[in-house]
Novice: 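One structure, pasted below without further comment.
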Amino acid sequence: MDISLVLAALRRHKIIASLVVLEIAFTCAVICNAGFLIAERIERVQRPSGLAEDSLLRLQLSAAKRGDQDALAQTRTDLAALRAIPGVQSATVVSQIPYGDSSSNSGVNLRQDQDAPTLDASVYLASPEALPTLGLSLVAGRDFSAQDYIDWQPGTAPGEINIPTAIITQATADRLFPQGNAVGRQFYSWGSQPTQVVGVVERLTRPSETDDPSSMEYSMIFPVSVPYTSGANFLVRTQPGQRDNVLEQATAALRESGPPRIFGLNNGSIESLRDRYYRNDEAMAWLLALICVSLLVITVAGIVGLASFWVQQRTRAIGIRRALGATRVQILRYFQTENLLLTLGGSLLGALLAVALNLLLMQFYEVPRLPAAYLLLGLAVLVPLGQLAILQPALKASRVEPATATRSA
């Protein structure tokens with residue numbers, strides 16, 4: 001088919017052609033950016049934490065009155081009570097958790113006299129049995145020994161505490177020691193003395209989001225026993241299928257093992273904390289998906305409506321072509337070619353608008369740069385959809401009889 005004939009016909013119907021192109025361009029710009037944001041939200045929601053989330057409980061409590069001088073001893077008593085509950089595999093206390101309410105981080109240096117830290121990592125202060133309770137997998141080195149642990153002293157600043165040993169994540173090890181063999185190496189973070197790496201775990205995510213997604217697994221664990229009064233979290237790992245039963249018994253055990261205390265509002269399974277943490281991301285993903293589907297439906301309806309009107313306006317021209325020998329297949333192919341040119345033009349214009357929209361979002365909402373793959377995705381969605389939308393009006397045009405069309409003149 002001669003494309004010049006199609007282009008000539010489009011020039012004679014500039015208004016309708018422009019409407020189709022603009023509608024497709026707007027839809028393309030929106031779905032490219034929305035698709036990217038949806039993929040980003042899904043990737044964030046599916047990001048592994050490194051924890052044994054399906055069997056892990058979190059309980060947090062605080063003193064009902066000030067001045068508890070035996071908080072650390074009470075914390076050890078509480079741990080013993082939790083470990084004695086049937087269905088409990090292990091229990092520990094950590095200063096913070098993924099999906100929690102706070103995040104403690106510290107700069108990490110390879111030399112004490114560095115002007116700027118090599119990286120910034122989350123700091124997890126952990127009591128004994130932390131690794132088996134959290135479900136962390138050692139990929140190198142060892143777990144902490146009893147001699148590694150030190151007690152947290154109330155009122156002590158991180159810069160005043162020397163941490164002899166630490167366990168770091170694989171991502172942290174790769175960044176600090178890219179040549180490998182992180183076990184036995186040293187870094188500076190807390191205090192004036194170096195900290196030696198005794199173990200490397202596969203993964204432990206930060207408690208909260210950072211501007212750089214690649215740094216989400218920069219974490220380190222210090223063997224520091226912290227009291228419950230510091231806002232620490234009791235973590236209990238249960239046997240399969242025992243989580244709900246253990247939660248009720250653990251709450252009762254903590255009530256009975258010490259003085260009256262205030263229990264946190266978000267105590268429960270780590271899975272429930274994860275659901276709450278990602279609730280807004282999931283809602284945003286569903287909202288954007290609904291917008292994309294709605295726009296695609298409106299675009300298809302618009303193409304069908306404009307194409308049907310266009311066919312009606314050109315009934316006489318179609319009849320003349322049929323009278324001159326054009327087959328139904330040729331008429332069908334003509335309208336499909338015409339629509340393909342409009343869809344391609346609208347998609348290319350939409351790609352430019354998508355980039356402009358992304359730059360605007362980057363400026364005001366700190367959205368990452370739109371990858372080129374999503375521009376191709378918009379093209380891959382809209383071109384076939386446009387061809388599908390034109391099919392019914394094109395079939396209607398191909399069924400026009402020459403005699404009927406001529407009499408309509």
Novice: Under the side chain to side chain contact (heavy atoms under 4.5 Å, CB included) test against Ser269, which residue among Arg58, Arg274, Arg243 passes?
Specialist: Arg243
Novice: Take atom CD in Glu248; do more than 12 heavy atoms of anything else shown fall under 6.0 Å from it?
Specialist: no
Novice: What verdict does the side chain to side chain donor-acceptor pair (under 3.5 Å) test give for Tyr277 and Glu209, after you've listed the backbone C-alpha separation in whole Å, the side-chain angles of each residue and the deciding distance to 0.1 Å?
Specialist: CA-CA 11 Å; Tyr277 183 82; Glu209 303 298 320; 3.1 Å; yes
Novice: Regarding Thr75 and Asp78, do their side chains bring together a donor and an acceptor under 3.5 Å, going by distance alone?
Specialist: no
Novice: Would you say Leu51 and Ile97 make side-chain contact, with heavy atoms under 4.5 Å?
Specialist: no
Novice: Look at atom CD of Glu43 and say whether more than 12 heavy atoms of other residues, nucleotides or ligands are closer to it than 6.0 Å.
Specialist: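 No - once you tally the heavy atoms of other residues, nucleotides and ligands closer than 6.0 Å, there are 12 at most.
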Novice: If you measure from CG on Leu134 to CD on Glu53, what distance do you get to the nearest 0.5 Å?
Specialist: 11.0 Å
Novice: Got more than 12 heavy atoms from elsewhere within 6.0 Å of CZ, Phe177?
Specialist: yes
Novice: Can you spot which of Leu295, Leu353, Leu288, Leu296 makes a side chain to side chain contact (heavy atoms under 4.5 Å, CB included) with Val30?
Specialist: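 Option passing the side chain to side chain contact (heavy atoms under 4.5 Å, CB included) with Val30: Leu295.
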Novice: Answer with yes or no whether the side chains of Ser219 and Ser122 bring together a donor and an acceptor at under 3.5 Å.
Specialist: no
Novice: Working to the nearest 0.5 Å, report the span between CG of Leu59 and CG of Asn266.
Specialist: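 Leu59 atom CG to Asn266 atom CG measures 11.5 Å (nearest 0.5 Å).
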Novice: If you count every heavy atom of other residues, nucleotides or ligands that lies below 6.0 Å from Asp115 atom CG, does the total exceed 12?
Specialist: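 Not buried by this count: 12 neighbours or fewer within 6.0 Å.
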Novice: To the nearest 0.5 Å, how far apart are CG in Leu332 and CD in Gln336?
Specialist: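 Interatomic distance, Leu332 CG to Gln336 CD, rounded to 0.5 Å: 4.0 Å.
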Novice: Would Arg47 count as a cation-pi partner of Tyr278, with NZ or CZ less than 6.0 Å from the six-membered ring centre and within 45° of the ring normal?
Specialist: no
Novice: Measure the spacing between CG of Leu72 and CG of Asp151 and express it to the nearest 0.5 Å.
Specialist: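 The CG atom of Asp151 is 4.5 Å from CG of Leu72, to the nearest 0.5 Å.
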Novice: Count the heavy atoms belonging to other residues, nucleotides or ligands that lie under 6.0 Å from CG of Asp54, then report whether that count exceeds 12.
Specialist: yes
